[in-house]
Amino acid sequence: MLSASELDEVVLREVASVDAVDVHTHLLPPTHGQLLLYGVDELLTYHYLVAELFMVLPLDSDDDAVSDALTPPTADEFFAWPKPRQAALVFEELFVRRTPLSEACRGVVTTLHLLGLGAQLERAVARGVARERRLDELREWFAAVDKEEYLELVFTKAKLKYAVMTNVPFAPEEATHFLQESPPPISPRLKTALRVDPLLAGDWPAVSAALAAASPPFAPTLDGCYRYVCAWVDRIQPLYLMASTPSGFRYEKSSPAAAPPSPAAPPSAAALLEQVLLRVAVERKLPLAIKVGAVRGMNAALRTGGDGVEVADLRFLRNLCLAYPQVKLLVTVLSTENQHELCVLARKFGNLHVYGCWWFCNNPSIIERTTRMRLEMLGTAFTAQHSDARVLDQLLYKWRHSRAAIGPVLSSQYAKLLEAGWPLTEADIKRDVALLFGGAFEAFMAK
Ligand code: RAT
Ligand code: ZN
C-alpha cells in the first residue's frame, strides 16, 4: 500500500515511462517518401507556427515594425517560397526577435533538446548569424539521419508502442503509395486509419471526383461510393474510419417513410452518411472516429493554419449513439466548452469513447483541466491524449509536454482517494496509467 508521500513519485514515474499508444497522428511511413515529414524546416513550418508568424508580421511593408531586410510576404507569397526560406522567417520572427513562449514554439525547443541539439539551437539564435545561415547546422544533422532508424529512435525516445496514421484516399499523392501493385510493408510502429471527411460533410463534388479518378472508375452513385470505400478498407485494413464534422453539423436518423430522392439528384449528406459511412462501419465492424468543432478555412489564406474553432451542438452524437448502438464512436472535441457535455455523453453510451486533447486544446493548462474533469467523470475509461503530430520529431515534445501535464493531475486525484481511505498500490497505478495511455482505447476497440 502506498503512503501519501510516495504517491507523487510513483505516479509521475509511471506517467513518464509508460509505453503509450498514439491514437491519431498525421505521420506517414518512410516508404511514403517525402510524405514522412521530419527535421527543423518541417518543425518550424508546422501550421500552428505559421499561424503565429502571421499574427506578428507587419500588415504591410510601410509598417514601422518591418525589419530592414524584411518585406512581409502575403500568405500566398509565403507558401510559394521553398520550405527552408519559410522556416527561416518563422525562426527569425518567433525565436530570434521574440521569446518562443507559446506551446508550439516551446515544442520546437523541447524537441531539439531531446535530440541533443541544444547547442546547435543556441548557436542558431546567437547574435551576428545571418538569417539565411541560422538553421544550417541543424539542417545538416537532420540531413544525415536514416529515415527508418530515425523513426525507431523517435518512437523509442517518445515511449510509444505505435501511432495511428491518417490515410486519406482522396489525396492522390498519398493514395498512390497504397495503389502500387505490391506496396512495401508498413512499419509496425504505424497503423492505418481511413480518413473520409467528404463523406461526413456530404461533399458530393469531392466524392464523385474521387470515384471518377479511380482506376477503374466507380459509378457516380451511392452504391459506387460504398464500393469505393469498401475497396479502400480492403486495401489498407484500417483500425477505424475517421472524419471531422463540418461547421454546424447536425444529424437525425432519416425516417424510413421519407420520399426517395429523384435519381438525378446528387446524393444527400444524410444518404452519404447512412448509406455509405455508417453502412461500412456496421458491415465491417469498424469504429468511427469523429472530430468535432473545427471551422475549416476561417481565414483560408493561411491554409490549415487558418482553420478555427466553434462550440458545436453535440446533439448529433446522442442521435448517432442511439440510432447505431453497434457502431463504436471515438470522439474528441476542439472547443473547451464542449468537453463537459462530451464526458456526460460518454457516461450515457458505452459505444462512445473520448480521446485526447486536440489541437487548440493541446495546451498544458487545458490538458490539466480537461484531464481532471475526465478523471472525475469517467475514471480510467478514456484516452488521455493523442499527439496529432504531423512531423515525426513532434512526437518527442507532444508526448513529453502531455505527460508532464497529466501526471500531477492524476496524482492529485489519487491523493484524494487515499485520503478517502482507499488502499492504493503501485500495481493499481501501473494498471491505471496503462489504461489512460492506450489500454482503454484498445479495450474499447476490442469490445
Ligand atoms: O491539428 C491539426 O493538425 C489539424 O490541422 C487537423 O489536421 C486535425 O488534427 C484533423 O485531423 O483534422
Ligand atoms: Zn489530426
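Each ligand, and each atom within it, is numbered from 1 in the order the structure gives. Heavy atoms only: backbone and side chains are in, while hydrogens, waters and symmetry mates are out.
With S387 as the fixed residue, the side-chain contact (heavy atoms from CB on, under 4.5 Å) test singles out one of H26, H24, K398: K398. Of the options L27, L395, V164, a side-chain contact (heavy atoms from CB on, under 4.5 Å) to D22 is made by L395 and by none of the others.
Contacts between H386 and ligand 1, counted as non-hydrogen atom pairs separated by less than 4.0 Å, are absent for every part of the residue. Using a 4.0 Å cut-off between heavy atoms, R296 contacts ligand 1 through its side chain alone, with no backbone atom that close.
Nearest protein heavy-atom neighbour of atom 11 (O) of ligand 1: R195 NH1, 2.8 Å. Protein heavy atom nearest atom 8 (C) of ligand 1, with residue, atom name and distance: W358 NE1, 3.3 Å. Of the protein's heavy atoms, H47 NE2, 3.4 Å lies nearest to atom 2 (C) of ligand 1.
Under a cut-off of 6.0 angstrom, the local environment of CZ in R400 is sparse, with at most 12 non-hydrogen atoms contributed by other residues, nucleotides or ligands. Other residues, nucleotides and ligands contribute only 12 or fewer heavy atoms inside 6.0 Å of the CD atom of E122. Summarising the local packing, CZ of R296 is surrounded by more than 12 heavy atoms from other residues, nucleotides or ligands at distances under 6.0 Å.
Donor-acceptor pairing under 3.5 Å is lacking for the side chains of T380 and D432.
Set against the non-hydrogen atoms of D388, the atoms of ligand 1 under 4.0 Å away are 1 (O), 2 (C), 3 (O), 8 (C), 9 (O). Near H26, with a cut-off below 4.0 Å to any heavy atom, the atoms of ligand 1 are 7 (O), 8 (C), 9 (O), 10 (C), 11 (O).
In D388, the N, O or S atom that comes nearest to the Zn ion (ligand 2) is OD1.
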